[in-house]
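Down below is the structure, laid out as structure tokens.
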There are 2 protein chains.
Amino acid sequence: MNKTTNRRKSAAALPEFDAVLPRTRRAQIAETLRDLILTGKIAPGSQLVEQAIASRFGVSRGSVREAIWELVDQGIATNRPYAGTFVIDIDVKTMRELYSVRGALERYCFTEIWPRRTREFRTEFEARHATLVAAIQKQDRAEAIKAEMHFHSHPYEFSQNGVLLETWHQLSKRIQLSFAVSQVHVRGEDFIEECNRYLAAAIGDDLSMIHGEIDRHLQLGMDAIPHMDETGAEHADAVAPK
Amino acid sequence: MNKTTNRRKSAAALPEFDAVLPRTRRAQIAETLRDLILTGKIAPGSQLVEQAIASRFGVSRGSVREAIWELVDQGIATNRPYAGTFVIDIDVKTMRELYSVRGALERYCFTEIWPRRTREFRTEFEARHATLVAAIQKQDRAEAIKAEMHFHSHPYEFSQNGVLLETWHQLSKRIQLSFAVSQVHVRGEDFIEECNRYLAAAIGDDLSMIHGEIDRHLQLGMDAIPHMDETGAEHADAVAPK
DNA sequence: CAGGATTTGTGCGTATGTATA
DNA sequence: ATATACATACGCACAAATCCT
């Protein structure tokens, strides 16, 4: 039944790395659910009913249960004991917080890698940028979100700082979820221009410039927020006027 | 069998708040295990055997299994499919990363709260500081570690930024684990003096001063690291030019 | 390099606690 | 206040993979 675990050890030299680590049901279910949630196919606030998901996937409740808890621990679902597990419904305040913490993290990241950037760093960044632009022009919303995350992950991956990267991944999942919540339409040429500026600053020579771009870039994201209705925005304006 | 569920509803007015939120077995087991790990009573690298823990606690394997996965998702244990879950054995590189990311986070935190600090902020900070000093003087290692975490959590809690606080909690658990790994002895008067300086800067009027103190404070922690033997530091110098 | 012991991964039935309509 | 749906928890069985001798 598990077709992914055929590990043939041939005598030839194997250029393959990352040797197909055995994926458990738990991991597969969690990944599938996470994808469904982050792309908005499972609406925020939905209850994740174990039995329903189990029969839908054709697995046992136990596996589903564990997968669901993985989502809870990752912050994209929440659990009320004996009541159920529900997809997080991010409010405006949390979105602001996500952006502000991300800003601090990203400024720090660029500061760290700045003198260590190589030619490869730039070419890879440009490649991801091209993918992102293509996705935006195709008006493929899901693809664009994924591409943007991949684009912005690059400096973190390049930092060689595992803790920093993990922290970013934690944040990025919830940021991605916030995209699904606020139905921000695929932004057009303006946004492409914005990404161009970001990229230019990131591979340029002036550290303070990318810091400024980060602030601008995130400010744009926050400006798109107020379109949301006040679904749970009790503390929406607890932030000081800047 | 469950003796804690006798819920007598008397007619008298109940001054009790925080009405005993239902704690599941999963949560209790996870907390107990986490405490055992973070205080070093379960050594880093140990395998967490489900059946053994289950019979030790007198619960089913399923509950233990879920609790263990909570630890994995929190980053203080790691799982290899079909091989087992093991308490993380933090290496030197990861410790450095933890400290550096924490530094960035903490500088940002103070920057955010700086103009919003109230009198209450100061008094609470001083109270936690006093607790920490007392613990150090008592030479109670476990108590001191807990007190230090509580002390340093205060600015994050005061920030009213839930995302920032969660991120800190994630980091702090692993930092606490690193304390258990590196058998840093309870430091003496020097360290108390260090904490005094930190507190003074934190409640003072010069933002750049607390930024400097953060760097110094973390530098002290990193300086204590090289004492570690290479107990499981296989990848310790994977950063250096080979 | 076998092969058995150990441990995890998964499934299923069942009983009970809890929330909610 | 009752009923129902669901989560929580237990126990057992077996498959699958790893570890160890």
Side-chain angles (χ1 to χ4, degrees), chain A residues 1-11 18-33 42 45-73 77-89, chain B residues 1-9 11 18-33 42 45-73 77-89 232:
Chain A
M1 182 149 323
N2 195 338
K3 298 171 184 168
T4 65
T5 54
N6 47 351
R7 180 200 46 198
R8 184 70 55 107
K9 193 195 279 185
S10 83
D18 195 19
V20 188
L21 51 145
R23 292 179 53 74
T24 60
R25 292 228 195 293
R26 172 199 166 98
Q28 298 180 43
I29 297 168
E31 183 178 337
T32 305
L33 284 179
I42 295 180
S46 311
Q47 180 172 10
L48 300 174
V49 181
E50 296 173 359
Q51 185 59 262
I53 297 173
S55 45
R56 176 73 180 75
F57 280 93
V59 297
S60 72
R61 286 199 310 279
S63 300
V64 172
R65 191 176 160 75
E66 293 185 4
I68 287 180
W69 272 100
E70 187 170 320
L71 303 183
V72 172
D73 291 331
T78 184
N79 175 271
R80 296 209 317 277
Y82 293 102
T85 305
F86 304 82
V87 178
I88 281 273
D89 201 352
Chain B
M1 185 143 335
N2 195 339
K3 299 169 185 170
T4 65
T5 53
N6 47 353
R7 179 199 45 198
R8 185 71 55 108
K9 193 194 279 186
D18 194 19
V20 186
L21 54 145
R23 290 179 53 75
T24 60
R25 289 225 197 295
R26 172 201 167 94
Q28 299 179 43
I29 298 168
E31 184 179 335
T32 305
L33 283 179
I42 295 180
S46 311
Q47 181 172 7
L48 300 174
V49 181
E50 296 171 359
Q51 190 56 259
I53 297 173
S55 45
R56 177 74 180 75
F57 281 91
V59 298
S60 74
R61 192 160 76 97
S63 301
V64 171
R65 193 177 157 76
E66 293 186 6
I68 287 179
W69 273 100
E70 187 169 318
L71 303 183
V72 172
D73 291 332
T78 185
N79 172 271
R80 296 208 318 277
Y82 292 101
T85 54
F86 304 82
V87 177
I88 281 276
D89 200 352

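Computed over heavy atoms, backbone and side chain alike; hydrogens, waters and symmetry mates excluded. First the proteins, then the strands, lettered A, B, ... as listed; each starts at 1.
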Given atom CD of Gln47(B) and atom P of dC20(D), what is their separation to the nearest angstrom? 9 Å
Could you check whether any side-chain heavy atom of Arg25(A) comes within less than 4.5 Å of a side-chain heavy atom of Glu66(A), counting everything from C-beta outward? no
Upstream residue (5' side of DNA chain C) when Gly58(A) and Arg61(A) are each assigned their closest nucleotide: Gly58(A)
Would you mind classifying the nucleic acid contact of Arg65(B) as base, sugar-phosphate or nothing, using non-hydrogen atoms under 4.0 angstrom? base
Which is it for Leu48(B) and Val64(B) under the side chain to side chain contact (heavy atoms under 4.5 Å, CB included) test, yes or no, and what are the steps along the way? CA-CA 10 Å; Leu48(B) 300 174; Val64(B) 171; over 6 Å; no
Atom pair distance, as rounded to whole Å: CD1 in Ile68(A) and C1' in dC6(D): 12 Å
Identify whether any heavy atom of Arg80(B) sits under 4.0 Å from a base atom; if not, whether one sits that close to sugar-phosphate; answer base, sugar-phosphate or nothing. sugar-phosphate
Do the side chains of Phe86(B) and Asn79(B) get nearer than 4.5 Å, heavy atoms only? no
Atom-pair distance (CD1 on Ile29(A); P on dG11(C)), nearest Å: 7 Å
Pairwise 5' ranking along DNA chain C for Val49(B) and Ser63(A), keeping only the more 5' one: Val49(B)
Within the structure shown, what part of the strands sits under 4.0 Å from Leu48(A) by heavy-atom distance: base, sugar-phosphate, or nothing? sugar-phosphate
Closest approach to the side chain of Trp69(B), judged atom by atom: which nucleotide of dG9(C), dA7(D), dT18(D) is it? dG9(C)
Value in whole Å for how far the P atom of dA19(C) lies from CZ of Phe86(A): 12 Å
How close or far is atom P of dA17(D) from atom CZ of Arg23(A), stated in whole angstroms? 15 Å
Mind checking if Gly84(B) touches a base, just sugar-phosphate, or nothing, with heavy atoms under 4.0 Å? sugar-phosphate
For atom OH of Tyr82(B) and atom P of dT18(D), their distance in whole Å: 9 Å
Expressed as a whole number of angstroms, how long is the span from Gln28(B):CD to dC10(D):P? 10 Å
What's the closest nucleotide to the Thr24(A) side chain, out of dG9(C), dA9(D), dT20(C)? dG9(C)
For the side chain of Arg25(A) and the base of dG11(C), is some donor closer than 3.5 Å to an acceptor across the two? no
Taking atom C1' of dA7(D) as reference, at what distance in whole Å does atom CD of Glu66(A) sit? 15 Å
Does the Lys NZ or Arg CZ of Arg26(B) fall within the cation-pi geometry relative to Trp69(B) - under 6.0 Å from the ring centre and within 45° of the axis? no
Are Thr85(B) and Thr78(B) side-chain neighbours, meaning at least one heavy-atom pair lies under 4.5 Å? no
Which is true for Glu50(B) with a 4.0 Å heavy-atom rule: it touches a base, it touches only sugar-phosphate, or it touches nothing? sugar-phosphate
